[in-house]
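Only one structure is covered here, and it is reproduced in the block below.
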Amino acid sequence: MAALSKSIPHNCYEIGHTWHPSCRVSFLQITGGALEESLKIYAPLYLIAAILRKRKLDYYLHKLLPEILQSASFLTANGALYMAFFCILRRGLLTIYMANLVLLFCITAAMYMFFFRCKDGLKGFTFSALRFIVGKEEIPTHSFSPEAAYAKVEQKREQHEEKPRRMNMIGLVRKFVDSICKHGPRHRCCKHYEDNCISYCIKGFIRMFSVGYLIQCCLRIPSAFRHLFTQPSRLLSLFYNKENFQLGAFLGSFVSIYKGTSCFLRWIRNLDDELHAIIAGFLAGISMMFYKSTTISMYLASKLVETMYFKGIEAGKVPYFPHADTIIYSISTAICFQAAVMEVQTLRPSYWKFLLRLTKGKFAVMNRKVLDVFGTGASKHFQDFIPRLDPRYTTVTPELPTEFS
């Protein structure tokens with residue numbers, strides 16, 4: 001058990017910013033590194049989101065850069081202000097453990113898809129994103145009648161038959177899929193009027209697998225082109241990389257499992273029910289097995305809690321607390337950062353790597369050996385590290401590195 005009531009005589013230089021004795025210089029170094037990494041993360045993210053949402057030129061000229069800078073400054077503050085308050089307060093909070101990743105995502109997906117199917121359940125970007133992923137066919141209400149939809153489908157088929165089909169790669173794949181699923185069944189409650197249920201699921205998988213693959217390729221472009229002249233062979237990893245296929249498999253299987261389950265439930269129950277989305281969403285959440293991401297799972301879960309909280313406020317069932325989201329986020333961040341200092345072994349490796357990236361590796365050069373007195377095993381993974389401290393700025397005579405002892 002951690003003995004958190006004990007105290008130690010060391011100052012913040014001896015424990016925290018061991019690479020430089022000045023608190024101010026260390027803060028500026030952390031801030032600069034965090035800002036650089038934040039821009040690398042958010043710049044391509046916002047650009048891809050803008051392209052997918054088909055933003056107009058005015059957005060790129062006046063809003064894209066401010067939004068990138070706003071998010072980058074937010075993430076930068078997480079890394080920089082922690083070190084600042086470490087120097088000011090020199091204390092922290094206790095740690096917690098994270099829940100099972102896939103199960104959490106299954107539950108989160110089930111609730112998201114239920115709200116997606118409900119009238120006025122989701123709004124804004126979340127609704128638009130889910131409509132893009134699973135398609136408008138799974139929305140319970142549409143602005144057109146089934147008869148009008150069938151008429152449009154027939155009109156498209158007639159126009160399509162009049163024009164000669166070019167046998168490119170995409171055309172061959174489409175022809176192959178259509179030949180397999182041309183005469184498949186479709187339940188009367190299903191709204192995918194152009195496809196039968198089998199074709200509907202297969203096309204959903206192919207579409208979102210392609211999207212996931214392309215997104216991961218785009219994210220790898222900056223690192224690949226850095227080695228364009230030194231290691232040209234690394235460009236092949238841009239297209240043939242395991243992570244590319246993992247993200248594609250995750251998105252593709254999520255959509256196909258959700259659509260397949262929804263169609264199956266319509267067949268066995270002979271109706272289209274919003275409750276089907278809970279079962280279909282839960283089963284679709286198993287797709288997280290292909291792309292295990294704590295970031296995605298925890299972010300979606302937190303946004304789900306936020307959505308349910310505000311719905312409770314609208315219904316008059318839950319009291320409104322000003323700035324509750326900010327307070328919850330601050331506490332959660334403090335707990336995770338406390339764990340990163342006192343019990344690194346309790347963090348997921350991916351999150352620890354993210355913190356190292358955000359701080360340019362400076363999180364790893366804290367003097368954790370003097371923190372072992374608290375009983376958390378702070379230096380468990382840093383047994384061979386002894387910081388090079390300037391005795392002029394220390395309160396306790398520093399231990400010399402092995403090569404000087």
Side-chain angles (χ1 to χ4, degrees), residues 31-32 34-78 112 115-116 120-139 141-144 152 155-156 159-160 163 166 168-171 173-174 194 203-204 206-228 235 238-239 241 243-244 247-248 250-252 254-255 291 293 295-296 299-300 302-303 306-307 310 325 357-358:
T31 303
L35 179 60
E36 179 184 341
E37 292 301 321
S38 299
L39 290 174
K40 289 180 181 179
I41 293 171
Y42 282 111
L45 183 65
Y46 273 89
L47 183 60
I48 292 172
I51 295 173
L52 292 177
R53 298 177 71 176
K54 299 178 180 179
R55 294 286 194 178
K56 296 182 179 179
L57 180 62
D58 182 69
Y59 173 81
Y60 293 94
L61 294 177
H62 302 101
K63 295 183 179 180
L64 178 61
L65 183 58
E67 289 185 1
I68 292 174
L69 293 176
Q70 182 181 15
S71 296
S73 62
F74 155 75
L75 188 57
T76 301
N78 276 265
Y112 264 118
F115 286 130
F116 175 71
D120 298 327
L122 292 175
K123 300 177 182 178
F125 176 74
T126 305
F127 178 82
S128 300
L130 287 177
R131 182 175 59 183
F132 172 79
I133 293 173
V134 301
K136 64 182 180 181
E137 297 85 1
E138 294 300 328
I139 305 174
T141 56
H142 295 275
S143 59
F144 50 86
K152 291 182 179 179
Q155 185 179 2
K156 287 182 180 179
Q159 294 174 352
H160 188 65
K163 298 179 181 179
R166 295 180 62 184
N168 53 20
M169 184 61 68
I170 298 177
V173 172
R174 185 178 182 85
E194 295 187 16
K203 289 182 178 179
I206 295 174
R207 173 174 169 270
M208 290 311 301
F209 179 89
S210 303
V211 170
Y213 177 84
L214 291 175
I215 288 175
Q216 196 66 40
C217 283
C218 291
L219 293 177
R220 295 182 63 85
I221 286 176
S223 61
F225 274 88
R226 282 203 300 266
H227 305 279
L228 177 62
L235 289 177
L238 180 65
F239 303 100
N241 186 275
E243 292 183 359
N244 296 8
L247 182 59
F250 164 57
L251 293 177
F254 181 90
V255 172
Y291 191 80
S293 172
T295 304
I296 294 176
Y299 174 77
L300 292 178
S302 63
K303 295 298 291 185
E306 178 184 319
T307 300
F310 283 111
D325 54 343
R357 178 184 172 186
L358 187 64

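All values derive from a computational prediction rather than experimental measurement.
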Any non-hydrogen side-chain atom of [X] less than 4.5 Å from a side-chain atom of [Y]?
X    : Y    : answer
Y291 : L251 : no
F132 : S128 : no
M208 : V211 : yes

Heavy-atom closest pair (H62 atom, D58 atom, distance to 0.1 Å) is ND1-OD1, 2.8 Å
On a heavy-atom basis, the closest approach of I48 and C218 is CD1-CB, 4.1 Å
L358 vs S38, test: side-chain contact (heavy atoms from CB on, under 4.5 Å). Steps then yes/no. CA-CA 7 Å; L358 187 64; S38 299; 3.9 Å; yes
Measuring from atom [atom1] of [X] to atom [atom2] of [Y], what distance do you get when rounded to the nearest 0.5 angstrom?
X    : Y    : atom1 : atom2 : value
R357 : I41  : CZ    : CD1   : 4.5 Å
Y59  : L61  : OH    : CG    : 12.0 Å
S71  : L39  : OG    : CG    : 10.5 Å
E67  : L47  : CD    : CG    : 12.0 Å
F116 : I133 : CZ    : CD1   : 9.0 Å
F115 : T126 : CZ    : OG1   : 11.5 Å

Under the side-chain hydrogen bond (donor to acceptor under 3.5 Å, both in side chains) test, residues paired with [X] that sit two or more places apart:
X    : value
T31  : none
Y299 : none
K63  : none

Using side-chain contact (heavy atoms from CB on, under 4.5 Å) as the criterion, list what pairs up with [X], not counting sequence neighbours.
X    : value
Q70  : none
L65  : L69
L214 : none

Fit a plane to each ring of Y42 and Y46, take the angle between them on a 0 to 90° scale, and name the class: parallel (under 30°), tilted (30 to 60°) or perpendicular (over 60°). tilted
